[in-house]
Amino acid sequence: MEISAKYDPSQTESKWYKYWLDRGFFHSEPNDKEPYTIVIPPPNVTGVLHMGHMLNNTIQDVLVRRARMSGKNACWVPGTDHASIATEAKVVAKLKAEGIEKSDITREEFLSHAWEWKEKHGGIILEQLKKLGASCDWERTSFTMDPQMSKAVINTFVHYYKKGLIYRGVRMVNWDPEGQTAVSDEEVIHKDTPSKLYYIRYYISENGIASDKFVEIATTRPETIMADTAVCVHPMDERFNWLKGKKVLIPLINKEIPVIEDEYVSMDFGTGCLKITPAHDINDYEIGIRHNLPVVDILDNFARLNEKAIILVGEDRFIARKRVVMMLAESGNMVKEEPYNSQIGYSERTNAVIEPRLSLQWFLKMDQASKPALAYVMEDKIKLIPDKYRNTYRHWMENVKDWCISRQLWWGQQIPAWYLPDGKYVVASNLDDAHKEALRIDSSVTKEQLRQDSDVLDTWFSSWLWPISVFDPEKPGFPDREPNRELSYYYPTNDLVTAPEILFFWVARMVMAGHEFCGDIPFKNVYLTGTVRDKLGRKMSKSLGNSPDPIKLMEEYGADGVRLGMLLCSSAGNDILFDESQVEQGRNFSNKVWNAYRLVKGWSIDPDAFQPNQSAIAVKWFENHLSQSIEIINDHFDKFRLSDALMLLYKLFWDDFCAWYLEIIKPAFGKGVDSETHKQTIIFFDQLTRLLHPFIPFITEELWQGLSKREINESVMTAQMPTAQLYSTDFISSFNMAKSAIVNIRSIRQAKGISPKEPLTLFVKGSLHEDMNSIVCKMANITSVMDMSKKGDSVSGSSFMVETTEFFVPLEGMVNVQEELTKIDAELKHLEGFLKSVNAKLSNEKFMASAPEQVVEIELKKRSDATIKIEKLKKLREELSR
RNA sequence: GGGAGCAUAGCUCAGUUGGUUUAGAGCAUCUGCCUUACAAGCAGAGGGUCGGGGGUUCGAUUCCCUCUGCUCCCACCA
């Protein structure tokens, strides 16, 4: 059958994915084998595949496929995250487009819309992962809002509440006026934002009437002056001695507020006088507590001014700012404004400017939980790769603050707290239990009177249970309960592959939950990928439009090509600057593999042919070289150096197997290949496809199936990964000398314009093993290799040295003596410089005294080699110039 | 403002406890080839005073200090 000269991934990829899927190769059940487990970082249920997912999931797939082929019971658990705020925002937007306001429908109605949306869009990203070749155990697909997963979340909440670690309190939280919810500190992104510093004049009050004296304060938020409850100076600031104990009037509303003293104020910033707005600034809030100041909250949920502002009621905060500035100017209270850059917090999800706001929220105490979680990493029980993240991790864990776990949303697990009519509350995992608890407080309360807290839990409060709850949803919340069979088999998982951005959001919290409920780490290694950027180093984003569509890329270059292209240039923790030329390189490699297959399959076997000497040598070399390479690859994998392992395989296949091995054993045109060589070649090819399979699963399956006759239901993905055998480094270096000689001869041909088709002879003096002669003859088109002594006096030719072995290629009438001399002189100069530096070391007494023996030996060898080479070159030079 | 990291060939990166022939790879570049597996290819070649300066050492790309330039994280001095 004719095989196409170009590999066409579209002919193979979906076929083999279906083959694997149909035979249940991705599925894992606990058995006697050693488990190898990865849980996927669950992507947002409504998300679509982006380049970051491609990188992240390719890495996971490589690890899982390799583990599976190494005899482990590999299990990769997929799933999605309900992503409360992101999904809710999308559903709200979708309803709005249909003319439905969230405020006009009930919670139940909203949730049914949300589930509908989830059913429609929820599977997309997982389907896209299949195109990439992800060998997830799809039968285990989980969703963080599956009923049993939600139950685990509720039990967890009840557990921590009973333990006294969950509390409810009024705190300054990050309010997202667009998302209409509180968000955690980690979900706030501070960006340097140009704004203005306004200097405003507050007149001193004399019995409520403005005097002619005043004080200036500086603020970036003039719209909040109506919420001021004091003006503050530093107690040591003598400039304001006259002011202390006085009262001032808030401009525009003429409200009298006291002047207080607090060391928080910096004397050298602004005017040294600070307005205190406890409701709208975290520091002011704390000062307010110290000085017993009232809190005046002038903003509503939408960050519009409310009636407490007295003026501009109903205006948005930013419009109010402009208007207040104008009004202050008119009233003569505005002294000046200067440009000022400040760090403004933005919501990660909605990009709205975060409003610090006092509200009643649920919190989880973190100080105790963080300690063991920190210890696991510091004691290397959990390895972070690369380990530079240990510092970052420690810093965060040592400064962790209580976790605000309530969100004012509907999409998520509703907080299991029920309020009694008098405002007291009970926490229980369901209404019945809550009622029992409530009866203890009020024996007359009915079930119907209980009202559940309307907030839901932060999404991370469910995903931090992920490595536990995907196996045993009954376990979270019950540290003492025996783990089920699945959990005790698969947990702790092996590797977690994720982005450094969520090291704290997610990774650290999984460690805490793992410790709390299982008394053990959730995973052994955390591989942190870099961020995928464009080639200018910019983050990929929708607004820049610099993100390629992964699906289109896979259609154009093949999933294998994309996987390879991404992985070639991505070491752990390093950002990858993505360029389409990389996937092109990936595709080219697929094509190379394809064509090697075409060549080998095109050969006919000649049963009568003897194995030529060069083929026997090539087989022996490749056997040795392959074992050595496998050893290095294993080492790379042990250290999570995936791109190094891949690069080595890339060269092993392209250069060593194709350019050297196959070229050596290639039979003459029209001739068949002997059966011994053919047999060995198929074995090598088979081993190479297995080694390559974790990286490029589709094409390796396609070729592996065709290499030999396979049993029904056989697959390269369930075949054994080749292991290293004993090998001889001496033999490998002896072969390498032949390779160097060949390259030198080809180089001479190129320099002299001699066609590869024109045969040459070669003279050798030194240690080229005679077994290698046949290799040199075939690869450099040499008719015979002779001892230098047979050369005679002729100097018409070109010489070169490999290590200390001399080679000479006679080139009658083609040699320019001057050119040869120049070449030799250049090499002599280099060698003499080298020798000089070596001699300098060896004649240095301190070096001889303190350098290790080995190092001295190496230097001595360097000296003797260089000396021999110089002697030989000088002799050659003499002969030539005669 | 505090902390961490990075700086090696045109580009992307290796360089494993300081010594392995006076720095390696892939891509890109240049030269010659349509050689009957592959032009998405073959063969060959060029290219770096390891960011600047100082120090420790017999010896520094590797360790220390400093400067410069980037990156990231944490931090709400209005």
Side-chain angles (χ1 to χ4, degrees), chain A residues 3 5-7 174 188 190 197 217-221 232 264-266 268-271 273-277 281-284 340 342-345 354 356 386 388-389 391-392 395-396 399 500-501 503-504 531 535 537 561 568-571 573-577 579 581-582 584-585 587-602 635 639 641 643-644 647-648 650-651 658-659 662-663 666 669-670 743 746-751 753 755-757 803 830-831 833-834 836-838 840-841 844-852 854-856 858-859 861-863 865-866 869:
Chain A
I3 307 173
K6 294 260 188 292
Y7 171 58
N174 307 298
V188 179
H190 289 94
L197 193 56
I217 59 99
T219 181
T220 53
R221 300 204 58 189
C232 187
Y264 169 78
V265 182
S266 356
D268 53 2
F269 187 88
T271 61
C273 185
L274 175 66
K275 77 188 195 72
I276 305 296
T277 321
D281 184 284
I282 178 74
N283 294 306
D284 291 11
Y340 183 72
S342 59
Q343 294 289 316
I344 305 283
I354 290 295
K388 65 177 176 184
Y389 286 107
N391 281 333
T392 326
H395 185 258
W396 191 76
N399 296 286
E501 292 99 272
L503 190 57
F504 313 130
T531 309
K535 60 178 162 181
L568 268 175
C569 54
S570 58
S571 50
N574 272 8
D575 285 357
I576 92 160
L577 302 189
D579 186 61
S581 67
Q582 288 154 0
E584 205 177 300
Q585 193 186 350
R587 176 202 58 183
N588 293 355
F589 183 69
S590 301
N591 200 48
K592 185 71 188 178
V593 177
W594 178 257
N595 274 291
Y597 178 80
R598 277 182 74 205
L599 175 69
V600 172
K601 288 309 273 189
D635 185 53
K639 292 168 180 147
R641 301 205 293 225
S643 56
D644 289 339
M647 181 48 74
L648 194 137
Y650 179 94
K651 287 189 282 186
C658 294
L662 290 180
E663 289 299 334
K666 200 180 197 171
F669 184 62
V743 168
R746 286 170 175 173
S747 179
I748 291 168
R749 285 183 187 275
Q750 169 96 356
S755 161
K757 287 172 186 162
E803 289 166 34
H830 172 262
L831 278 169
F834 176 69
K836 204 176 147 193
S837 82
V838 174
K841 272 192 207 177
N844 183 323
E845 279 174 34
K846 284 185 176 170
F847 172 77
M848 296 305 282
S850 46
Q854 261 180 313
V855 174
V856 176
I858 290 164
E859 293 301 318
K861 174 92 165 73
K862 281 187 198 173
R863 174 158 75 182
D865 283 0
K869 277 181 119 170

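Sequence lines set the chain letters: A, B, ... in the order given, protein chains first and strands last, and positions in each chain run from 1.
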Novice: Which value, in whole Å, describes the distance between the P atoms of nucleotides B:A78 and B:C6?
Specialist: 31 Å
Novice: So, using side chain to side chain contact (heavy atoms under 4.5 Å, CB included) as the criterion, who are the partners of A:Ile344 when residues are at least two apart?
Specialist: A:Thr193, A:Ser342, A:Tyr346, A:Val353
Novice: Please give the distance between the C1' atoms of B:U66 and B:A25 as a whole number of Å.
Specialist: 33 Å
Novice: What's the gap between B:G15 and B:A60 when it is taken at their C1' atoms, as a whole Å value?
Specialist: 14 Å
Novice: Once each nucleotide of nucleotides 15-22 of chain B is scored for protein heavy atoms under 4.0 Å, what B/S/- sequence comes out, 5' to 3'?
Specialist: SB--B-BB
Novice: Check side-chain hydrogen bond (donor to acceptor under 3.5 Å, both in side chains) between A:Lys639 and all other residues, then give those that pass, not counting sequence neighbours.
Specialist: A:Asp635
Novice: When the P atoms of B:U61 and B:G54 are compared, how many Å lie between them, rounded to an integer?
Specialist: 13 Å
Novice: Within the 4.0 Å heavy-atom criterion, would you say A:Val265 contacts the bases, only the backbone, or no part of the nucleic acid?
Specialist: base
Novice: Distance check needed: B:C77 C1' versus A:Leu197 CG, whole Å only.
Specialist: 10 Å
Novice: What residues, two or more places apart in sequence or in another chain, satisfy salt bridge (charged side-chain N to carboxylate O under 4.0 Å, His left out) together with A:Arg641?
Specialist: A:Asp644
Novice: Would you please name every residue forming a side-chain hydrogen bond (donor to acceptor under 3.5 Å, both in side chains) with A:Ser590, sequence neighbours left out?
Specialist: none
Novice: Sequence neighbours left out, what passes ring-ring contact (aromatic ring centres under 6.0 Å, His included) with A:Phe834? Give chain and number order.
Specialist: none
Novice: Checking A:Lys836 now: which residues fulfil salt bridge (charged side-chain N to carboxylate O under 4.0 Å, His left out) with it, not counting sequence neighbours?
Specialist: none
Novice: Strictly under 4.0 angstrom, non-hydrogen atoms only: write out the protein contact profile of nucleotides 70-76 of chain B, one letter per nucleotide from the 5' end, B, S or -.
Specialist: ---SSBB
Novice: Under a 3.5 Å cut-off on both pairing distances, which runs of 3 or more consecutive Watson-Crick or G-U pairs involve RNA chain B?
Specialist: B:1-7 with B:68-74, B:10-13 with B:24-27, B:29-33 with B:41-45, B:51-55 with B:63-67
Novice: Would you measure the distance from the C1' atom in B:C34 across to the matching atom in B:U16 and give it in whole Å?
Specialist: 45 Å
Novice: Between P on B:A14 and CG on A:Leu568, what's the gap in Å once rounded to a whole number?
Specialist: 14 Å
Novice: Pick the C1' atom in B:G32 and in B:G46, then give their distance to the nearest Å.
Specialist: 15 Å
Novice: What distance, rounded to whole Å, do you find between the two P atoms, one in B:U22 and one in B:G47?
Specialist: 14 Å
Novice: RNA chain B: A:Gly270 or A:Lys388, which has the more 5' nearest nucleotide?
Specialist: A:Lys388
Novice: Would you mind building the protein contact string for nucleotides 31-41 of chain B? One character per nucleotide, 5' to 3', B for base within reach (heavy atoms under 4.0 Å), S for sugar-phosphate only, - for untouched.
Specialist: BS---BBB-BS
Novice: Applying salt bridge (charged side-chain N to carboxylate O under 4.0 Å, His left out), name anything that partners A:Glu584, two or more places apart in sequence or on another chain.
Specialist: none
Novice: Please determine if A:Lys861 and A:Asp865 form a salt bridge, counting it only when a charged side-chain N lies under 4.0 Å from a carboxylate O.
Specialist: yes
Novice: Which whole number of Å gives the distance between the P atom of B:A40 and that of B:U36?
Specialist: 15 Å
Novice: Measure up the A:Trp594 and A:Tyr7 rings against each other and bin them: parallel (under 30°), tilted (30 to 60°), perpendicular (over 60°).
Specialist: tilted
Novice: Using atom CE of A:Met647 as one end and atom P of B:A25 as the other, report the distance to the nearest whole Å.
Specialist: 11 Å
Novice: Could you tell me the separation between the CZ atom of A:Arg746 and the P atom of B:A45, rounded to a whole number of Å?
Specialist: 10 Å
Novice: Please list, chain by chain and in numerical order, all residues satisfying salt bridge (charged side-chain N to carboxylate O under 4.0 Å, His left out) with A:Lys841, sequence neighbours excluded.
Specialist: A:Glu859
